[in-house]
Every structure is written in structure tokens, then in C-alpha cells.
**Q** 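I have a structure I would like to understand better, so I am pasting it below and will then ask my questions one at a time.
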Amino acid sequence: AATAPRTLPGGPAAAPLQQPGVTQTLPTASPGGVPSPTRTDVASLPGQTPAPTNPAPGLSLPATPEANAGAEGVAMIMRGPTLRVDVRGPSSIGVGKASPFEVLVSNPGQIPAEGVLVAIDFPAMVNVDAVQGTNGEIEQTDGTQAARIIWTVEQVASGGQQKLTLQLTPTQNAPFNLATEWTLMPLNGVAQIQVTQPALAMEVTGPQEVQFGQTATFKFDVTNSGSGLAENVMVRLPEELGGDSKPLGNIPAGESRSFVLEVTPVEAGEMEISATALADGGLSQQASAKFVTRRANLDVAITGPEFKFAGTVATYDLVIRNTGDAIATEVIAAAALPEGADYIDGVEGGEQVEGGVRWTIGQLAPNEQRVYAIRCILNQAGALQFEAGARGAGELAGANAVATTVEAVADLALHVEDPKGPKPVGEEVTYTLRITNRGSKQATNVNLLCQFSEGIEPTRVRGAQAELAPGQVLFQPIARIDAGQEVVIEVTARSSKEGNITFRAELTCDTPETRRLFEATTRFFGSSRPSSTTSVPSPRGTTAAAPTSSTQPPSSFGPANGSPTTPSPAPTEPAPSGGQLQPPANAPLPSLPTGGSFRAGLMPRPGSSVPR
């Protein structure tokens, strides 16, 4: 006879620990202080003598002459162990002070106690700092009002003892009850009586392997293996096969009935088909057959960069693999590029379609794969997602995606076209400055400064707002230069003496942080033939070599006498349309390093940050 599962108590309000069919008296004060649970399980079965084998401990079957002779009454007597449970500890403890308690389970009887269960209940105001048992398993349940410790001891031997040690700490100044409840696993006895009745046996046979999408046939054989007639036999199919019943009628002892069933698997992998045979008298028999449904599976894996700058090339590694256990046929694949991305290469024989590229793979054997490195240019900023997928015959499909964060940046370049020398003194020359944003994001608040060495003065500016000062051009900040935009500025100047004249242009910007510097020298000559040796402009604060055949003093940036000069507005031409070159009000000019390349005594315009 099967033993009903034991339900552990869940808290102080749980029902006493009991077993079906057992009358149990939980701890009572017996004369010796030993709780004595009693169990009664007596069966009176007329007609036959029980013949148990290997009786459990504590089972006693009286061998009376009536029992051996097949008398009408069969008695079964069961004896159980005797247990004693003691709880020891202080009767008074202080708040916040840990105190030890012991729970002793003793077996003074002659029969071992199996599966002893002890429950100790205490309120939630008591903390359990430690709990340890000499044997068995310990569980603790928590509650808002009370808690419980459940101690399960596998066996307490005859004359033996097991101990549970608790360390408890009260958190409130209030008395509390420490309740203890115990039980043990019941002893089961079986009186086996031989009877004559039918019995059912069933076998399910079919293929061990099935291809996905194909139909397989399974045979069900039901046999009456008993000694009597099996009446109203039927086979009940499981819910996944429709839940129908197949009637087979009456089956005499030793005979069989059969039928077949066709099934089509809808999932891949190991599967099981089962059924239950039923008959009058509560006869029931279940049988099953396992088989494997083989199917291909397309797995798509993608790896790519997490971060890129706009305008750069990104490579996405794509792996398409058949991870199934059957051949994948008619496989085609496609990659969808993110918006703003242009395909470069990576798939031999691929066909470019709108938004991506598509190609044919054909067949893939189990564990076979194709590897691709797809390159594309990411032109747009943002979180761009690269997607790829594959599909094949039999509704095979797989897909995956990876995201790349693309950041747009500005990239300013300065190119200056200076006049080809030598040039005659007094002739106007033009310096063409081209500022190009080669990046993918607009640049803002762009500052430009142009300077001349002594002997040449700027006369006008085209393409930007600026003021002219002796030896330099003070530009208003350019508010914005869009990605791909080019700003062309022309600076015209006229020389007043012969020799090498130096022109310098410096471009600075905070967004992005940029500094571009250009410097070039142009030769100017007078009406008479220049001497064989000319002076070279010297930076401020340095000494230039004395001329050997010329009376001209060394030139440098700034006026010859070093006196401050007030800037004058330069004749300018309108900036390009769109308004992006209009400077913000009161915007400072770039701060340039001091040195001999600047004119001595230069007076910058009010509000500028150009060094004096």
C-alpha cells in the first residue's frame, strides 16, 4: 500500500502532524513524562491468509493454526516505537540577550523510530540566532505573527537520543510561549490476498525517427494478461492527440486487440506518444513510445562595432549556421542595412536591393555554416541597427540584429592660396582662404585671424565680416559651418616696400576643438633691381642679421615705429546667403600665442582677446 505524502506544518496555526488512517495523540503528560502516540491499523479480511514478505520493523503477523489453515479471519498487529521529547532552557531571559535552548528526542523503546518530525513554534518577536541538530534537516518558516522551526530526524535508534540546539534572543519585553509538536512516520502493513481477475497490458510501437512535416504510423496492442474476462476495454488518447477514445470491446484472458494511429509531429526533438487502456473493474494500463523528430534549424549570429563616427566604414561579421539535425534546403539570406548606411562589399554574388543585400546559400548540412564580413559606410548619426536573416524550405527561418551608436563630428580644414611671387611693390595681392567642414556635424563659433609682417597692409575682405587693423584682419566669429560646407574668404593687401613679406592665418574653434595655422612668405621687388642680400623678417624679441648690401631695416609684424594703431573697418562684401556666417554679438576673437610673429605695439579692437 502506498504511503500518502506527509504535509509539513506551515506555522503556528497549522494542523497537527498526522497521517491518514492513523489515530495520533500528540504530546500528553504520561506518568513518566513521555508522550505516547498510539496508532491503530487493523484489517479483518475473510477468506485468505496473508503472505507478506520482508515485513517492516515493528510488523507482527500471528502464526495461528487458523491462519495457516485458511481460516476466515486474518489479523495484523503493528507495534511502534516509544519516544520522549524534552525541551530545556531558561525560564526567564532578558531583552536582547541570547539564551540557549535544547530539544532532546529520546527513544527508550526497543523499536527504532523512523522519520521523526519535531516543530518548535515561537512568536516573531524572538530572533533565532543559531540552530543546530545532531542529525537530520532543519527548516525555518517566518511569519508576521509567529515563526516555526521544523526538525526532521531520519532515525532515532532504540535507546538512542538526538538533540537540537537553539540560540534565541527576545526583542520585546513580553513573555512568549515556546510550543513544541512532534510526530513520526507511520508504519505500513500490507495483507496481500490473491484474487482472480483480468489484467491489461499495452504496447505502442512505431518508427524511432521521423522527419519534420512527415506522417508516421504507430500501432497500439492491448492484451488481457490476466485470468478473467476484461470487459468494455477502451484506449484513451492524450489531449495532444485529440483526447479521443478507441473502444475495443471485451477481451478474453490471453487475447489481444490492436489498432493504428497516424501522427504528424509539429515540433522537433525527442517526443513521446502515449495512451491509457481502461476496462471495467478499474483496470488501467498506460504505455508510450519515444521517437525523434529531426529538423534543420537556421541560427543567425551577428557581431559589429558598438561605436563608430559618421562617415567611417563599419564591418559586420555574419554567421549563418544549421544547428539542427537535418539538411536545410532552399536557403536564402538577406542583410538589411540601417538607414543612412551604404553597402560596400562582403557577399560574393549578392544582389543589392533597396535597403540592403540579398543572396542564395542553397543547402546547409547539420552544423555547416557560412561566414560573411559585410562592410558599409555609416553616414548618419544615431543608434543604427544592422539586421540579417535566413529562411529555407519547411518554414525554416532565423534572424538577428546588432546596434551601432554612430556619432557625428565636425572636422575643419584650412587651405590658403597665397599669391605667387615675386610681386612688384604697390600691387595688390589676394590671399584666398578656404575653410571646409570635412566632418558629419556642423561646427559652431569658428574664429579666424590673419596677420601680415611689416611692409604690407590689408585693404579689403570678401566672404566674411571683419575689421582691418595695421598688419592684421580681425574677423567676426563665423556662427556655423555645416557638414560638407566650404566657406571662401578673400583677403586683399598692398605692399609698401620690397623684401620678403610674411602672411599668417590661424583658425580656431571650440566645437570641435580645432586649431589650424598657415604661414607663407611672398617676395616683393621695387623699380630698381633688388640687392643680392635682403633682410628676413624677425620675430619680435629676437635679433635679425644685419643686411650686407641693403639699407632697409629688418621687418617684423606690426608698425615700424611700434605705436598703437586703431583698427578701421575693412571694406567687405556680403557673406554667402543662409545667414550661417553672421557672427553673434560681442563674440570674442580667438586667443593667439604671443611672440615675435605679431606686430609690436598692435592695438586690438575693443572686446577682442588678441594679445597686445
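Values reported hereafter were calculated over all heavy atoms of this structure, with side chains retained and with hydrogens, waters and symmetry mates removed. Source: prediction; values computed, not measured.
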**Q** Just checking Glu339: does its CD atom have more than 12 heavy atoms from other residues, nucleotides or ligands closer to it than 6.0 angstrom?
**A** no
**Q** Starting at CD1 of Ile332, measure out to CZ of Arg358 and round the result to the nearest 0.5 Å.
**A** 7.0 Å
**Q** Are Tyr316 and Tyr372 an aromatic pair, judged by ring center distance below 6.0 Å?
**A** no
**Q** Does the side chain of Val319 reach to within under 4.5 Å of the side chain of Val300, using non-hydrogen atoms?
**A** no
**Q** Which atoms form the tightest heavy-atom contact between Phe386 and Ala335, and what is the distance?
**A** CZ-CB, 3.8 Å
**Q** Report yes or no: does Ser274 contribute a side-chain atom to a donor-acceptor pair with the main-chain N or O of Ala287 at less than 3.5 Å?
**A** no
**Q** Between Pro338 and Leu384, which heavy-atom pair has the shortest distance, and what is it?
**A** CB-CB, 3.6 Å
**Q** Ion pair present between Asp86 and Arg84, side-chain N to carboxylate O less than 4.0 angstrom?
**A** yes
**Q** Other residues, nucleotides and ligands only: do more than 12 of their heavy atoms fall within 6.0 Å of CD on Glu154?
**A** no
**Q** List the steps and the verdict of side chain to side chain contact (heavy atoms under 4.5 Å, CB included) for Ile344 and Val313.
**A** CA-CA 9 Å; Ile344 300 177; Val313 176; 3.9 Å; yes
**Q** Would you say the side chain of Asn127 lies within less than 4.5 Å of the side chain of Thr171, judging by non-hydrogen atoms?
**A** yes
**Q** How long is the straight-line distance from CD of Glu270 back to CD of Gln208, given to the nearest 0.5 Å?
**A** 11.0 Å
**Q** Measure the shortest side-chain to side-chain distance between Val222 and Met202 over non-hydrogen atoms and say whether it is less than 4.5 angstrom.
**A** yes
**Q** Return each pair, listed once, that meets salt bridge (Lys or Arg N to Asp or Glu O under 4.0 Å) where at least one residue sits in residues 160-169; pairs must be two or more places apart or across chains.
**A** Glu102-Lys163
**Q** Do the side chains of Ile93 and Phe176 get nearer than 4.5 Å, heavy atoms only?
**A** yes
**Q** Once ring-ring contact (aromatic ring centres under 6.0 Å, His included) is applied, what residue pairs with a partner in residues 152-172 remain, sequence neighbours excluded?
**A** none
**Q** Counting only pairs under 3.5 Å, give me each side-chain donor-acceptor contact of residues 248-267, with atom names and distances, residues two or more places apart or in other chains.
**A**
residue, atom, partner, partner atom, Å
Asn250, OD1, Asn232, N, 2.7
Ser256, OG, Thr223, OG1, 2.6
Arg257, NH2, Asn250, O, 3.4
Ser258, OG, Asp221, OD1, 2.3
Thr264, OG1, Thr215, OG1, 3.1

**Q** Begin from the C-alpha positions of Val347 and Ile374 and carry the test side chain to side chain contact (heavy atoms under 4.5 Å, CB included) through to its verdict.
**A** CA-CA 7 Å; Val347 179; Ile374 299 178; 3.9 Å; yes
**Q** Any sub-3.5 Å donor-acceptor pair from Trp151's side-chain atoms to Asn135's backbone N or O?
**A** yes
**Q** Set out, in order, the CA-CA distance, both residues' side-chain angles and the distance that settles side-chain hydrogen bond (donor to acceptor under 3.5 Å, both in side chains) for Thr169 and Asp129, then state yes or no.
**A** CA-CA 7 Å; Thr169 302; Asp129 300 327; 2.3 Å; yes
**Q** Can you tell me how far CD1 of Ile149 sits from CG of Leu178, rounded to the nearest 0.5 angstrom?
**A** 9.0 Å
**Q** By the side-chain hydrogen bond (donor to acceptor under 3.5 Å, both in side chains) test, which pairs, at least two apart or in different chains, include something from residues 341-351?
**A** Asp342-Asn379, Asp345-Arg375
**Q** At their closest point, which heavy atom of Gly228 faces which heavy atom of Pro198, and how far apart are they?
**A** O-CB, 3.2 Å
**Q** Any salt bridge (Lys or Arg N to Asp or Glu O under 4.0 Å) pairs touching residues 310-328, not counting sequence neighbours?
**A** Arg294-Asp325
**Q** Which residues pass the side chain to side chain donor-acceptor pair (under 3.5 Å) test with Asn107, not counting sequence neighbours?
**A** none
**Q** Would you indicate whether the side-chain heavy atoms of Asn367 and Thr323 approach each other to under 4.5 Å?
**A** no
**Q** Evaluate Gln369 against Ile320 for side chain to side chain contact (heavy atoms under 4.5 Å, CB included), listing each step before the verdict.
**A** CA-CA 5 Å; Gln369 66 182 24; Ile320 300 176; over 6 Å; no
**Q** Kindly indicate whether the side chain of Leu164, heavy atoms from C-beta on, has any atom under 4.5 Å from the side chain of Val131.
**A** yes
**Q** Considering non-hydrogen atoms only, spot the tightest contact between Ala268 and Arg295 and give its length.
**A** CB-CB, 3.6 Å
**Q** Is there a side-chain contact between Val156 and Ser106 (heavy atoms, below 4.5 Å)?
**A** no
**Q** Tell me if the CD atom of Gln161 is crowded by more than 12 foreign heavy atoms within 6.0 Å.
**A** yes
**Q** If I take atom CD from residue Gln155 and atom CG from residue Leu184, how far apart are they, to the nearest 0.5 angstrom?
**A** 11.5 Å
**Q** Treating Arg370 as the side-chain partner and Leu364 as the backbone partner, does any N or O pair qualify as donor plus acceptor under 3.5 Å?
**A** no
**Q** Under 3.5 Å, is there a donor on one side chain and an acceptor on the other for Glu272 and Ser288?
**A** yes
**Q** Could you tell me if the side chain of Gln197 sits less than 4.5 Å from the side chain of Ser227, heavy atoms only?
**A** no
**Q** Testing the basics here: between Leu278 and Ser284, what is the closest heavy-atom pair and its distance to 0.1 Å?
**A** CD2-OG, 3.5 Å
**Q** Between Thr141 (side chain) and Arg148 (backbone), is there a donor-acceptor pair under 3.5 Å?
**A** yes
**Q** Say you draw a straight line from CD of Glu368 to CD of Gln363; how long is it, rounded to the nearest 0.5 Å?
**A** 9.0 Å
**Q** Can you tell me how far the CG atom of Leu378 sits from the CZ atom of Phe307, to the nearest 0.5 Å?
**A** 11.0 Å
**Q** Under 3.5 Å, is there a donor-acceptor pair between the side chain of Asn224 and the main chain of Gly226?
**A** yes
**Q** With respect to Ile361, which candidate in Leu298, Thr329, Val331 satisfies the side chain to side chain contact (heavy atoms under 4.5 Å, CB included) definition?
**A** Val331
**Q** Hey, does the side chain of Thr404 reach the backbone of Pro305 with a donor-acceptor pair shorter than 3.5 angstrom?
**A** yes
**Q** Just checking Gln110: does its CD atom have more than 12 heavy atoms from other residues, nucleotides or ligands closer to it than 6.0 angstrom?
**A** no
**Q** Run the salt-bridge test on Glu306 and Lys308 with the 4.0 Å N-O cut-off and return the result as yes or no.
**A** no
**Q** For Val118 and Val103, which heavy atoms make the closest approach, and how far apart are they?
**A** CG1-CG1, 4.1 Å
**Q** Walk me through whether Lys246 and Met234 qualify under side chain to side chain contact (heavy atoms under 4.5 Å, CB included).
**A** CA-CA 5 Å; Lys246 177 70 174 179; Met234 68 172 61; over 6 Å; no
